[in-house]
Amino acid sequence: METFWLIVGVLGMGLGTVYFVYRGTQVQGAQYFYWITAAITLVAFVSYLAMAAGAGSTILNDGRQFYYFRYIDWLITTPLLLLDLALLALARPGRNIGLIASLLGLDVFMIVTGLIAGSSTNAFFTVVFFIVSTAALIGVLYLLYTRFFAAARTRSPGVSEIFNRLAVLTIVLWILYPIVFLLGTEGFRAVGQEWEIFLFLVLDLLAKVGFGFLLLSNHQVLGEAGGGGGGGARASRVS
Ligand code: RET
C-alpha cells in the first residue's frame, strides 16, 4: 500500500507538470509563472519516483525507514512556491531582493533543520531541531502575512484576490506539515509509515498541484502581475 500511494504521487505530480507546461505554451506574457509551477511538480515527480523505486529512503540506526528524498524535494520546491507568491505580490520584485532573499533563506533553514530533526536518532536533538525548524516556519509565515499581504493589497483587485487565496492556502497547508511529522514515524508514532506517506501525499498534492491550478487559473491576472500593473508608485518598494 505504501508503494501504491507513492505511485499516486508520481502520477499526480507527472500529470500536473504536463498540464502546467502545456498551459505555459498556450499563453503569452508572464510565462515564468507557468515554468516555476511546472518545475515544482517536476521536482516532486522525480522525488516520488525515487521513493516509489525504493531509492529515496534509508534505514536509520533505530530501525526506522527514513524518506530523505522528501526533504530534497522540499528544499527545492518550497523556495519556488514562495517565489511564485513573491512575484505575484510585489510590483517590482527586483527592488525587493532583500525581502525575497530573507523569505527564501528562512525557508531553506526551516527544511535543513527539519531534515536534522527527522533523521536524528537522538530524541533530544529531534526535539531541539524540531523547535528551531518550527520557529523558522513561523518566521516564514509571519513575513508572508505581514509584508507580502501588504504588498499584494497595493496591486490590482484581481492580483490581490488571487494572492490572498494562495497565501491562505499556503499558511494552512504549511502548518499541517509539522503536525503530520509529529504524528508520524519521526515524532510520536501515533500513525504508521503508511498513513504518514498518505498524509504527506495529500498535503503535497494540494500544496503543489492545487496551488498551481489556483495560481494559473486566470491568465489575465498573471499578466497584470507580470506587467507591474495596478500598483502605481505605492507598490514599487515595500522593504
Ligand atoms: C518539518 C519538520 C520539522 C518542523 C517543520 C517542518 C515543516 C515543513 C514544511 C514543509 C512544506 C512543504 C511543502 C512541500 C511541497 O509543496 C520539516 C516537517 C516546521 C512547512 C509545502
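All values below were derived from every heavy atom in this structure, side-chain atoms included, with hydrogens, water molecules and symmetry-related copies excluded. All values reported here derive from a predicted model rather than from experimental measurement. We count ligands from 1, going down the list as the structure has it; atoms in each ligand are counted the same way.
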**Student:** Please tell me if the side chains of Val8 and Tyr48 come closer than 4.5 Å, counting only heavy atoms from C-beta onward.
**Tutor:**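 SC-SC contact between Val8 and Tyr48 ruled out.
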**Student:** Give the atoms of ligand 1, by number and element, whose distance to some non-hydrogen atom of Leu137 is under 4.0 Å.
**Tutor:**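 So the atoms of ligand 1 that pass are 19 (C), 20 (C).
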**Student:** Using a 4.0 Å heavy-atom threshold (strictly under), name the region of Thr78 that reaches ligand 1: side chain, backbone, both or neither.
**Tutor:**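 Contact part for Thr78 vs ligand 1: side chain (C-beta onward).
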**Student:** Using the ring pair (Phe, Tyr, Trp, His ring centres under 6.0 Å) rule, take Trp74 and Tyr71 through it: C-alpha gap first, then chi angles, then the decisive distance, then the call.
**Tutor:** CA-CA 5 Å; Trp74 295 345; Tyr71 293 82; 5.1 Å; yes
**Student:** Counting non-hydrogen protein atoms only, what is the nearest one to atom 17 (C) of ligand 1? Give residue, atom name and distance.
**Tutor:**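 Minimum-distance protein heavy atom for atom 17 (C) of ligand 1 reads Gly114 CA, 3.8 Å.
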**Student:** May I ask you to identify, for Trp174, whether its side chain, its backbone, both or neither come under 4.0 Å of ligand 1 on a heavy-atom basis?
**Tutor:**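 Both backbone and side chain.
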**Student:** Determine whether a donor-acceptor pair (N or O, by modelled atom type, separation under 3.5 Å) exists between the side chain of Arg155 and the backbone of Leu88.
**Tutor:**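 Yes, because the side chain of Arg155 sits within donor-acceptor range (under 3.5 Å) of the backbone of Leu88.
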**Student:** For Tyr32 and Trp35, I'd like to know if the aromatic rings sit close, meaning centre-to-centre distance below 6.0 Å.
**Tutor:**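 No, the ring centres sit 6.0 Å or more apart.
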**Student:** Does the ring center of Phe198 lie less than 6.0 Å from the ring center of Trp195?
**Tutor:**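 Yes; Trp195 has its ring centre under 6.0 Å from that of Phe198.
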**Student:** Would you call the rings of Phe213 and Tyr19 parallel, tilted or perpendicular, where under 30° means parallel and over 60° means perpendicular?
**Tutor:**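 The arrangement is parallel - the two ring planes meet at less than 30°.
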**Student:** Any idea which protein heavy atom is nearest atom 6 (C) of ligand 1, and the distance to it?
**Tutor:**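 For atom 6 (C) of ligand 1, the nearest protein heavy atom is Ser133 OG, 4.0 Å.
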**Student:** Give me the residue, atom name and distance of the protein heavy atom closest to atom 10 (C) of ligand 1.
**Tutor:**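 Protein heavy atom with the smallest distance to atom 10 (C) of ligand 1: Tyr177 CG, 3.5 Å.
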**Student:** For atom 7 (C) of ligand 1, find the nearest protein heavy atom and state the residue, atom name and distance (0.1 Å precision).
**Tutor:**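 Looking only at protein heavy atoms, the one closest to atom 7 (C) of ligand 1 is Pro178 CD, 3.9 Å.
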**Student:** Measure Thr170 to ligand 1 on non-hydrogen atoms and call it side chain, backbone, both or neither using the 4.0 Å cut-off.
**Tutor:**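 For Thr170, there is no contact with ligand 1 at all, from either part.
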**Student:** So for ligand 1, is Lys208 a polar contact partner (N or O within less than 3.5 Å, distance only)?
**Tutor:**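 Yes, since at least one N or O of Lys208 sits under 3.5 Å from an N or O of ligand 1.
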**Student:** So which bit of Met110 gets within less than 4.0 Å of ligand 1, heavy atoms only: side chain, backbone, both or neither?
**Tutor:**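 Contact part for Met110 vs ligand 1: side chain (C-beta onward).
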**Student:** Would you mind telling me which of Leu216, Leu166, Thr41 makes a side-chain contact (heavy atoms from CB on, under 4.5 Å) with Phe211?
**Tutor:**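 Passing option: Leu166.
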**Student:** Quick one about Thr78 and Asp107 (side-chain donor to acceptor, distance below 3.5 Å, no hydrogens or angles considered), yes or no?
**Tutor:**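 Their side chains do contain a donor-acceptor pair, which is all the 3.5 Å distance test asks for.
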**Student:** Taking 4.0 angstrom as the limit and counting only heavy atoms of Asp204, give me the atoms of ligand 1 inside it, by number and element.
**Tutor:**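 Counting atoms of ligand 1 from 1, those under 4.0 Å from Asp204 are 14 (C), 15 (C).
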**Student:** Nearest protein heavy-atom contact for atom 2 (C) of ligand 1: which residue, which atom, what distance?
**Tutor:**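 That would be Phe181 CD1, 3.5 Å.
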